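Throughout, protein chains are lettered first and strands after them, A, B, ... in sequence-line order, and every chain is numbered starting at 1. Worth saying up front: this structure is predicted, and the values here are computed from it rather than measured.
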Amino acid sequence: MITIKENKIFKKAYYKGKKEIAHNLVLYYIPNNGDTKIGITVSKKIGNAVTRNRIRRLVRESWRTFCVKEGYDVIIVARTAAAKSDFYAIKDALFDLLCKSELILQ
RNA sequence: UGAGUAGAUCGGGCAAUCGCAGAUGCAACGUCCGAAAGGAUGCAGAUGAGGAAAGUCCGGGCUCCGCAGGGCAGGGUGCCGGGUAACUCCCGGUAGAGGCGACUCUCAGGAAAGUGCAACAGAAAAUAAACCGCCACUUUUAGUGGUAAGGGUGGAAUAGUAAGGUAAGAGCUUACUGGAAAACAGGUAACUGUUUUUUCGUGUAAACCCCACUCGGAGCAACACCGGAUUAAGGAGAAUACGUUGGCCCGACGCUCCUUGGGUAGGUGGCUUGAAUUAUGCAGAGAUGCAUAAUCUAGAUAGAUGAUUGUCUUAAACAGAACCCGGCUUACAGAUCUGCUCAAUUU
RNA sequence: GGUGCCAUUGCCAAGUGGUAAGGCCAAGGUCUGCAAAACCUUUAUUCCCCGGUUCAAAUCCGGGUGGCACCU
């Protein structure tokens with residue numbers, strides 16, 4: 001799993017990329033010419049450090065179970081409802097988003 | 001048994017599968033990224049967030065500011081003694097307040113060194129004073145003098161109660177109580193007790209201030225090293241000037257400094273062996289100190305602990321290390337243990 | 001991670017212990033044929049919250065909450 005570290009790519013995906021929305025997650029994606037990278041954003045509005053860490057881990061664990069097409073920058077933003085979601089809710093939401101955006105393989 | 005009070009400990013456990021992090025060992029000495037410094041990549045078994053990691057309210061280590069120097073200004077602390085690396089911390093005591101009690105709480109120096117303030121009300125708010133009243137005298141719907149007992153105001157009115165005394169009164173006198181001072185005794189001290197003397201000028205210092213002690217500034221985004229890139233334009237000063245030591249002056253040190261614009265801002269160290277943890281013993285009333293033995297117990301850099309299943313008593317509260325320690329404060333479901341107090345009952 | 005600042009009416013804000021100025025907005029009135037302008041009147045009661053000092057706290061002291069800025 002390769003993560004996005006530059007602020008440039010985040011901004012580029014927000015302004016130029018496409019997006020899909022679920023009730024607790026938002027997915028931005030934009031094609032690049034390399035490996036698929038993932039960036040996870042959980043803002044301070046959602047909760048304290050423990051809550052934010054937990055959401056990030058759940059998203060990362062869900063991402064690990066899916067096979068995704070090569071050549072995209074993908075950014076996942078957590079919404080306020082994600083603080084009360086358990087693992088299965090986040091996994092289902094992420095699956096829906098990946099199906100809608102046609103990034104998922106199989 | 002119930003109610004309370006003080007203190008201590010824990011803060012989900014175990015097993016299986018998948019996944020993450022750095023270090024160690026083995027393998028490899030290659031491949032990939034990069035201008036370089038350097039980084040990534042295989043396998044293994046162990047290890048991997050807290051009592052508050054939080055707030056950043058104090059104190060210290062560490063690093064830099066040449067040394068960390070002097071003075072002024074400014075800040076902090078404030079009953080006494082002790083502990084500590086240090087402290088707005090802790091322990092023991094004193095005084096005051098609360099509670100039947102165990103016990104708890106307290107920013108607890110000085111108001112007679114000086115300055116200020118005390119709105120409204122009230123006669124008067126501080127070198128006392130005289131509105132009503134009381135008493136005496138007179139020129140009698142009033143004035144002069146005496147008076148602090150009584151009235152009313154206020155948070156606060158020059159100590160309170162009783163008796164004597166007086167024209168009326170007054171610590172004017174006496175007794176008791178309160179305060180202050182002195183002597184003696186006890187205590188390291190704060191202070192306590194006894195005796196004597198004295199009628200005894202309010203409150204506020206979390207107002208300025210005084211006294212005693214104490215504090216240089218900044219913070220790991222500090223700082224050091226390696227490598228790279230850029231160095232253009234304008235301005236100031238040249239020893240009675242400028243800059244640094246983030247308030248000022250002295251002292252010390254240095255020769256460059258400032259403004260605007262552009263470019264580059266990558267990596268490594270700092271980083272975890274420490275006022276460390278555990279156990280035992282000794283000293284002490286306690287905080288704590290000393291000695292011996294054993295142990296190594298996160299170190300990331302967009303930031304590592306998660307998911308699933310089973311099981312146990314319950315899908316556990318508050319909550320995530322970021323240089324490191326000692327405290328304080330704040331948040332917190334629940335569980336366990338110990339000392340003590342009060343009430344009821346039984347023996 | 002560290003450092004600093006702020007919170008007062010709907011908005012902008014003044015206020016160095018004695019009961020909260022001013023402007024804008026709003027509401028009502030006067031004026032006008034109707035408006036605007038002008039003039040008059042009204043609107044803080046938990047001064048972000050909790051405790052303390054004081055006779056008395058928006059103000060002084062301690063703790064908390066929320067917001068903002070800077071250091072990369």
Item checked: Distance between P atoms of B:G320 and B:A3 (Å, rounded) -> 36 Å
Margin query: Can you tell me if A:Arg56 touches the phosphate of B:A304, counting only side-chain N or O atoms and a distance under 4.0 Å to OP1 or OP2?
Written below: yes
Notebook entry, point to check: Where the side chain of A:Val50 is defined as all heavy atoms beyond and including C-beta, which of B:A319, B:U309, B:G306 is the nearest nucleotide?
Noted result: B:A319
Margin query: Distance check, P atoms only: B:U292 and B:U56, in whole angstrom units.
Written below: 44 Å
Next item on the list: Determine the Euclidean distance between corresponding P atoms of B:G69 and B:C62; express it in Å to zero decimal places.
Entry: 15 Å
Next item on the list: Using the P atoms only, state how far B:G61 lies from B:A218, rounded to an integer number of Å.
Entry: 15 Å
Next item on the list: Could you tell me whether the phosphate oxygens of B:A307, OP1 or OP2, come under 4.0 Å of any side-chain nitrogen or oxygen in A:Arg60?
Entry: no
Item checked: Distance (rounded to the nearest 0.5 Å) between A:Ile40 CD1 and A:Ile38 CD1 -> 4.5 Å
Item checked: Separation between the P atoms of B:A128 and B:A97, rounded to whole Å -> 33 Å
Check: What is the base-pairing partner of B:U329, counting Watson-Crick and G-U wobble geometry with both distances under 3.5 Å?
Finding: B:A54
Checklist line | Nearest-Å distance for atom pair CZ/P, residues A:Arg57 and B:U305 | finding: 5 Å
Checklist line | Mate of B:U277 where both pairing distances stay under 3.5 Å, Watson-Crick or G-U | finding: B:A294
Notebook entry, point to check: What's the CG-P distance between A:Asp86 and B:A316, to the nearest Å?
Noted result: 12 Å
Margin query: For a quick check of understanding: with a heavy-atom distance under 4.0 Å over all strands, which category does A:Asn48 fall into, base, sugar-phosphate or nothing?
Written below: sugar-phosphate
Next item on the list: For B:A73 and B:G66, measure between their P atoms and round to the nearest Å.
Entry: 27 Å
Margin query: Base, sugar-phosphate or nothing for A:Arg54? Non-hydrogen atoms, less than 4.0 Å.
Written below: sugar-phosphate
Check: Taking CD from A:Glu61 and P from B:A307, how many angstroms apart are they, rounded to a whole number?
Finding: 8 Å
Next item on the list: Provide the distance between the two P atoms, one in B:A185 and one in B:C103, to the nearest whole Å.
Entry: 36 Å
Check: Nearest-Å distance, CZ (A:Arg52) to P (B:A319)?
Finding: 13 Å
Item checked: C1' gap between B:A293 and B:G286, integer Å -> 27 Å
Margin query: Counting the atoms with a prime plus P, OP1 and OP2 as sugar-phosphate, which does A:Ile40 contact under 4.0 Å by heavy atoms, base, sugar-phosphate, or nothing?
Written below: nothing
Check: Which residue, A:Phe87 or A:Asn53, contacts RNA chain B at a nucleotide closer to its 5' end, judged by nearest heavy atom?
Finding: A:Phe87
Item checked: For B:C131, the Watson-Crick or wobble partner whose two distances fall under 3.5 Å -> B:G151
